[in-house]
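These notes are about the structure you will find just below.
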Amino acid sequence: MMERLREGANSIWVKIILSLIILSFVFAGVGSYLASGNEQVAAKINGKEISQRQFEQVYQNERNRMQQRMGDYFSTLMSDPAYVKQFRQSVLDRMVNDELIQQRADKLGLSVSDAQVKQEILAMPAFAVDGVFNNEQYNMALRRAGFTPDQFAETIRKDMLRQQFLSALQGSDFVLSDEADELRKLESQQRVVRTLTLNLADFTKKVKVTEQEAQDFYDQNPNLFTRPAQIKVSYIELSGKGLTKDINISEQAAETYYKDNQTKFSTAEEREVSHILVTGDTAAAKAKAEALLSKLQNGANFAEVAKQSSDDTFSAKDGGKLEWFTKGTMDPAFEKEAFALAKPGDMSGLVKSSFGYHIILLDGIKPGKVKPFADVKAQIVAELQQQQSADEFYKLKSKLAEVAFESPDSLDAAAEAVKAKIVHTDYITPAAEKGVLANKQVQETLQSPEVHDDGMNSDVIELGPEHVIVVRVDDARAQAVLPFKDVAAKVNAMVASQKGEQQAQAKADEIIADLQKGKNDIVAKDGLSFSSEQTINRSGPNANISNVAFSLPKPTAGKATYGMARDNNGNVEIIALDKVVNMKLAGDKVNSQFEQQIEQMFAQEDLAATLKTLRDSAKISYPMQDSSKD
């Protein structure tokens, strides 16, 4: 229970519930989600299709994320075909789960308003400049991702709808105080243990591996000694990043840009007004407003009338005064009249808006100001450098594409044309590559007949904004089982390690069996000894020992109970549990963080149960997998 409690706080589903994970998909090419046509189908859920292209894009995103997180270890895992198959299936299952949640949210009639979508987009850091939403940045990002604003907004709406459903599910969980207290007691429990380590290396170095054992292991496990299909690659990479530093912007060019774009460097005019509101669209409401206007025109104090008669009770407390505002933020009719007033102290007639009837008093004007050139010069220079570097990049990109096509048998001419270097690799396995060669489109291109078989230069491949590559295959060699003589040392080491593990396991089983019978002399007889007592808790530094120690039965009549674990190096740890210590808890309430962890664990269980129910009742098929079995 406690292990599940800790896992629950960090589970993938709780993280999904608590946060929006959108942009990593959007700007890695979610535009493909909108594609249509006769595409292959990876999964079909109640008639809704997930295309193979959609799946491959999400799979590549997840693969890149895991590669960055786990590094070389993940590359090792991905060299195992069984792991790759399992990993791909887990990604597809998550996509199916997302679609099931989406369909359930739609069925429940959940909705997200246009205003909510707008607010979500405005708050996205990807569209901000100096912490403030920037419309130019927004439009540029959408163009690069192949989105229209309407398409992007719909993507956000659907994601928010799923989050709405998940949040509602999480919010329905609660923890009873007695339940929390009992869990807290279990969580605080301690155990007194001793450990005895059987070093795997001690057993392995004593192992004798015969030639026949090594040959048999090699023959029975050819997949462990198979060199995958490999290629030698050459490529030219072109990026706009390095171009900016070489571009000089003159003072005159910066000043000209400043003069031609005054509005871009100006602050908008602001106005402060007070108002009196009479809500409604009836004759009675209009008559009341007219009476108040007449009263003001005859000398009544505006603030006093607002306090006594305005239906905007919030501003009425302050004499009708509103915050400073610029154009584009208020009701159109209200705003038009407010900005039509000439000077502070001027008062409008009746103004009809969607809220009712207003009387507006102009309190103050802050004229728009143009920022001094000196204050924005650095910004202008950076913008002009960016523009010119983009222009230069696209010229080079065009030249690269042209020359690589005209001289398809070599990259030399293309490299000379764009003043770039050619990168040459040794034999590589594309699926295990990092960096630019790990890009999905690059990997697909490297396997295409024109590039892989015919040795032609590829077309220009877009890696990202102002970042392209051209690749070619210089040589290729097929998958092959390496000769025994080339891997003999590796085979012997693997057999020795396997036999060492078996012997260590057998010795541990023997020791534990004798200890349970009360034969304590077996430890000393073998020249071994337990460590001194140590008191551990559930979240101790050695999770392997803690997990076993807290699963062992409570010692009785002073007799220890025994178990076994393995450390991260494969060594066997024999664990003696001597005592269970129940801590006395203070009488204070369960802290909110612990209570939240319990609720998150319950939410995880509820979500798993909900997804199981949705899956059981849904019609789900995997056409690509089904066809491969035929």
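Just so you know, these numbers use all the heavy atoms, side chains as well, and skip hydrogens, waters and symmetry mates. These figures come from a predicted structure and were not determined experimentally. In this chain, numbering begins with 1 at the start of the sequence shown.
Summarising the geometry of A43 relative to L92, their closest heavy-atom pair is CB-CD1, 4.1 Å, with the distance given to 0.1 Å. In terms of heavy atoms, S551 sits closest to R191 at N-NH1, 4.5 Å. Taking both residues in full, the closest heavy atoms of L198 and A504 are given as CD1-O, 3.8 Å, listed atom of the first, atom of the second, then distance. Here the closest non-hydrogen pair linking L482 and Y218 is O-OH, 2.5 Å. For the residue pair I231 and A476, the shortest heavy atom distance occurs at CG2-CB, 3.7 Å.
With values rounded to the nearest 0.5 angstrom, I511 atom CD1 is found 11.0 Å from Y562 atom OH. With rounding to the nearest 0.5 angstrom, the CG atom of L552 is 4.5 Å from the OG1 atom of T561. To the nearest 0.5 angstrom, D159 atom CG is 12.5 Å from R157 atom CZ. Within the model, atoms CZ of R104 and CG of L161 stand 12.5 Å from one another, a figure rounded to the nearest 0.5 Å. Taking CD1 of I522 as the reference point, atom CD1 of I512 lies at 10.5 Å (rounded to 0.5 Å). Taking CG of D475 as the start and CG of D426 as the end, the distance is 10.0 Å to the nearest 0.5 Å.
One side chain, Q505 or D509, offers a donor N or O that lies under 3.5 Å from an acceptor on the other. Judged by distance alone, the side chains of Q190 and T535 never bring a donor and an acceptor atom under 3.5 Å apart. Side chain to side chain, H467 and S239 fail the donor-acceptor criterion of an N or O pair below 3.5 Å. At a cut-off of 3.5 Å, with distance as the only test, no side-chain donor of N547 or R538 sits close to an acceptor on the other residue. A donor-acceptor pair shorter than 3.5 Å cannot be found between the side chains of Q102 and D98.
With T195 contributing its side chain and S531 its backbone, the two residues share no donor-acceptor pair below 3.5 Å. A donor-acceptor pair under 3.5 Å is absent between the side-chain atoms of Q103 and the main chain of L100, judged by distance alone. At least one donor-acceptor pair closer than 3.5 Å links the side chain of N46 to the backbone N or O of K619. Looking at N221, its side chain never comes within 3.5 Å of a backbone N or O of L224 through a donor-acceptor pair. Between the Q443 side chain and the L437 main chain, a donor and an acceptor come within less than 3.5 Å of each other.
With sequence neighbours left out, the side-chain contact (heavy atoms from CB on, under 4.5 Å) criterion links E444 to K440. Checked against side-chain contact (heavy atoms from CB on, under 4.5 Å), T204 has the following partners two or more places apart in sequence or in another chain: L200, A496.
Salt-bridge formation is detected for the pair R88/E56: a Lys NZ or Arg NE/NH1/NH2 atom is positioned less than 4.0 Å from an Asp or Glu carboxylate oxygen. The residues E213 and K499 are annotated as salt-bridged, a charged nitrogen and a carboxylate oxygen being separated by less than 4.0 angstrom. Electrostatic pairing of D93 and R615 counts as a salt bridge here, judged by a charged N lying under 4.0 Å from a carboxylate O. Ion pairing between a basic and an acidic side chain is recognised when a charged N comes within 4.0 Å of a carboxylate O; D202 and K206 show no such pairing.
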Side chain to side chain contact (heavy atoms under 4.5 Å, CB included) between V207 and Q503, intermediate numbers included: CA-CA 9 Å; V207 165; Q503 292 181 14; 4.0 Å; yes

Audit row: V523, I574, side chain to side chain contact (heavy atoms under 4.5 Å, CB included) steps and yes/no: CA-CA 11 Å; V523 175; I574 297 175; over 6 Å; no

Intermediate values then yes/no, side chain to side chain contact (heavy atoms under 4.5 Å, CB included), Q116 and M160: CA-CA 9 Å; Q116 288 173 299; M160 292 180 70; 4.1 Å; yes

Pair V192-Q534, side chain to side chain contact (heavy atoms under 4.5 Å, CB included): steps then yes or no: CA-CA 6 Å; V192 179; Q534 56 179 315; over 6 Å; no

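Ring planes of F225 and F217: perpendicular class, angle over 60° (limits at 30 and 60°).
Taking the six-membered ring wherever Trp is involved, the centroid distance between the rings of Y622 and F55 does not fall below 6.0 Å.
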